[in-house]
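Below is one structure, written out as structure tokens, with a few remarks after it.
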Amino acid sequence: MAIGLISNTILKASSSPDFPTSNDLIPLNLFDKAAFDIHVPVLYAFRAPTPSNEAMKEGLSKALVHYPQLAGRFITDDHGRTCIILNNAGVRVIETYVPTSLAKQLPFSPASEVGNLLPPLEGVQELLQIQLNRYACGGVVIGVTAHHRVADGQSMSYFTISWASLMRGLDIETLPYHDRAAVSVPRNPPKVEFDHSSIEFRKSTASNTNNFSSSIANLVVHLSADFITKLKTKVCQGHQRFSTFECLLSHMWKKITQARGLAQDEFTQVRVAVNGRARMKPPVPMEFFGNLVLWAYPRLMVEELLNESHAHVAKAIHEAVAKVDNEYFHSFIDFGELSTGKEGEMVATAPEIGDSLCPNLEVDSWLRFHFHDLDFGGGGPCVFLPPDLPVEGLLIFVPSCKDEGAVDVFLALLHEHVELFKQICYSLD
């Protein structure tokens, strides 16, 4: 579908005597450096009626007052550190017109031609970009890209909800908490208890030359509330109870491993994102804006994964996640303190665009993000889509916009594994 460009401009935060432009430098901390070094794209679709572009831009400008990092830029300071400068250089806002109705283009899927609904992902200086795609019917699709080393998914969900609230003339329910230094204070003396130099980081080496981008297929699996209830009943037999996330991951790990046809004596692991806000002591406010995620690594032999029960697999996931606790987060912070000056020698173990993780997986859960509260005046989004996952073996669990209690699983697999996965992914055997 051809779309027409209306404008491509830079929008700055509103002038405010209470929040003047400071030009302060915010050094990236170790949590930021461990995150993906990419712009993360997301699409939200809203059916008519929707507010005008001018109203949405005015609300966005107000929101940036409270989230100045997003209107800043990356720079290198005199000590060689990558920093965010709070200079209000602005965010890119692209406005387009789509000469058809939104209903004719729905449902979007990872296979849809949605790339032109998003701002560019490469060669971008702006840390946040917004594309407002206005449809002939009055509906709007908002394409968002934000640099992951500025903020994690939890942070961006709070930002988008704040944007919508301010656009509707409401106050931000809870203002963001910005003190990155306060959440990463090392202990005295520092005490590193885990091998972070090989878990979250590795020694700097040449980039992986094996790029599988052309072999990666994106797909979405819709798991109904009824299916999830049956799955949880199967997994939570006996006295132990598991979360929805643990149940879903146990199932997807089994089915993807089966579809990949891995050898029985091979090991497979999952890189599970763990939010540190509630795990650290004292707890960090949920509205903390930045990155505060580390990873758990449940690991099983393929034979054990496929032959043991869902409950056995869910228990392995649960136990691995439980180990990423307050002590682990503080050990990571202490590691950062003792690594000061050596950052150039370390590279995050986050996968690169075009990587294949096989026989392993990586999973992010967005199930607790409040996307359904994202209301610009006409109700929540009818579609929420993280398009084009760039790494084979990456999964994202998202609350479905279709049915209450349902979950959409977005995932990327090699083309040769897709057909068998589709055949078996709904089987609870």
Side-chain angles (χ1 to χ4, degrees), residues 110 199 208 210 212-213 215-223 227-228 230-237 240 242-274 295-324 349-352 354-365 367 386 389-398 407-429:
I199 299 173
N208 183 7
N210 296 321
F212 292 86
S213 294
S215 303
I216 296 174
N218 274 246
L219 59 156
V220 58
V221 177
H222 179 72
L223 302 179
F227 177 89
I228 293 172
K230 291 177 180 176
L231 173 62
K232 294 184 76 171
T233 300
K234 181 181 181 68
V235 179
C236 299
Q237 296 176 351
Q240 187 152 12
F242 298 101
S243 68
T244 298
F245 168 78
E246 290 162 345
C247 294
L248 291 174
L249 182 54
S250 69
H251 182 72
M252 298 304 294
W253 193 7
K254 276 176 166 283
K255 297 305 176 184
I256 292 172
T257 299
Q258 186 177 344
R260 283 168 160 175
L262 300 177
Q264 294 285 300
D265 60 353
E266 194 166 1
F267 278 95
T268 171
Q269 70 180 19
V270 187
R271 189 176 191 253
V272 181
V274 180
W295 295 270
Y297 291 88
R299 184 172 186 262
L300 292 170
M301 187 176 284
V302 169
E303 181 179 24
E304 181 182 6
L305 173 66
L306 297 181
N307 293 337
E308 290 287 353
S309 66
H310 279 70
H312 178 88
V313 177
K315 183 179 180 183
I317 296 166
H318 179 87
E319 290 176 348
V321 171
K323 292 177 182 176
V324 187
T349 52
E352 298 179 4
D355 280 354
S356 172
L357 302 181
C358 187
N360 303 321
L361 297 172
E362 173 156 348
V363 62
D364 288 330
S365 175
L367 297 178
L389 302 184
V391 175
E392 187 277 340
L394 179 60
L395 298 83
I396 302 179
F397 296 153
V398 178
V407 172
D408 291 327
V409 183
F410 295 87
L411 68 156
L413 294 175
L414 295 178
H415 285 288
E416 59 260 34
H417 300 148
V418 169
E419 203 54 46
L420 178 55
F421 174 78
K422 286 182 176 180
Q423 294 173 19
I424 63 177
C425 64
Y426 292 107
S427 170
L428 291 175
D429 295 336

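Every value quoted in this text rests on a predicted model; they were computed, and no experiment measured them. Nothing fancy with the numbering, it's 1 onward along the sequence.
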Worked check of side chain to side chain contact (heavy atoms under 4.5 Å, CB included) between Glu362 and Val270: CA-CA 5 Å; Glu362 173 156 348; Val270 187; 6.0 Å; no
Side chain proximity check, Leu300 to Thr257, heavy atoms < 4.5 angstrom: no
Side-chain donor or acceptor of Thr268 paired with backbone N/O of Pro359 under 3.5 Å: yes
Nearest atoms (heavy-atom pairs only) where Phe421 meets Met252: CZ-CE, 3.3 Å
Any side-chain heavy-atom pair of Phe410 and Leu394 under 4.5 Å: no
Thr244 side, atom OG1; Glu246 side, atom CD - distance, nearest 0.5 Å: 9.5 Å
Taking every non-hydrogen atom, the tightest pair across Val235 and Ala311: O-CB, 3.3 Å
Shortest non-hydrogen separation from Val302 to Ala263 and the atoms involved: CB-O, 3.3 Å
Test item: Pro298 and Val272 side chains (from C-beta on) under 4.5 Å apart, heavy atoms: yes
Non-hydrogen side-chain atoms of Lys323 and Tyr297 separated by less than 4.5 Å: no
Donor-acceptor pair, side chain of Thr349 and main chain of Ile199, under 3.5 angstrom: yes
His222 to Asp408 - nearest heavy-atom pair and separation: ND1-OD1, 2.7 Å
Donor-acceptor contact present, side-chain Arg260 to main-chain Asn360, <3.5 Å: yes
Spacing of NE2 belonging to His251 relative to CD1 belonging to Ile256, to within rounding of 0.5 Å: 9.5 Å
Nearest heavy atoms of His417 and Leu413, plus distance in Å: O-CD1, 4.5 Å
Side-chain donor or acceptor of Glu392 paired with backbone N/O of Cys358 under 3.5 Å: yes
4.5 Å side-chain heavy-atom contact, Leu305 and Lys254: yes
Minimum heavy-atom distance Lys255-Asp429, with the two atoms named: NZ-O, 3.3 Å
Pair Ser365-Leu249, side chain to side chain contact (heavy atoms under 4.5 Å, CB included): steps then yes or no: CA-CA 10 Å; Ser365 175; Leu249 182 54; over 6 Å; no
Min side-chain heavy-atom separation Lys315-Ser250 under 4.5 Å: no
Reference residue Val391; test side-chain contact (heavy atoms from CB on, under 4.5 Å); the match among Asp355, Ile216, Leu361: Asp355
Distance (rounded to the nearest 0.5 Å) between Lys230 NZ and Leu428 CG: 8.0 Å
Atom pair CG/CD1 of Leu389 and Ile396 - distance to nearest 0.5 Å: 5.0 Å
Aromatic plane relationship, His318 with Phe242 - under 30° parallel, 30 to 60° tilted, over 60° perpendicular: perpendicular
Side chains of Val363 and Leu248 in contact at under 4.5 Å (non-hydrogen atoms): no
Leu414 vs Ser356 side-chain heavy atoms within contact, under 4.5 Å: yes
Gap between atom SG of Cys247 and atom CG of Leu223 - 0.5 Å precision: 12.0 Å
Steps toward side chain to side chain contact (heavy atoms under 4.5 Å, CB included) verdict (Leu306, Gln264): CA-CA 9 Å; Leu306 297 181; Gln264 294 285 300; 3.9 Å; yes
Nearest-0.5 Å distance, CD of residue Glu303 to CG of residue Asp265: 8.5 Å
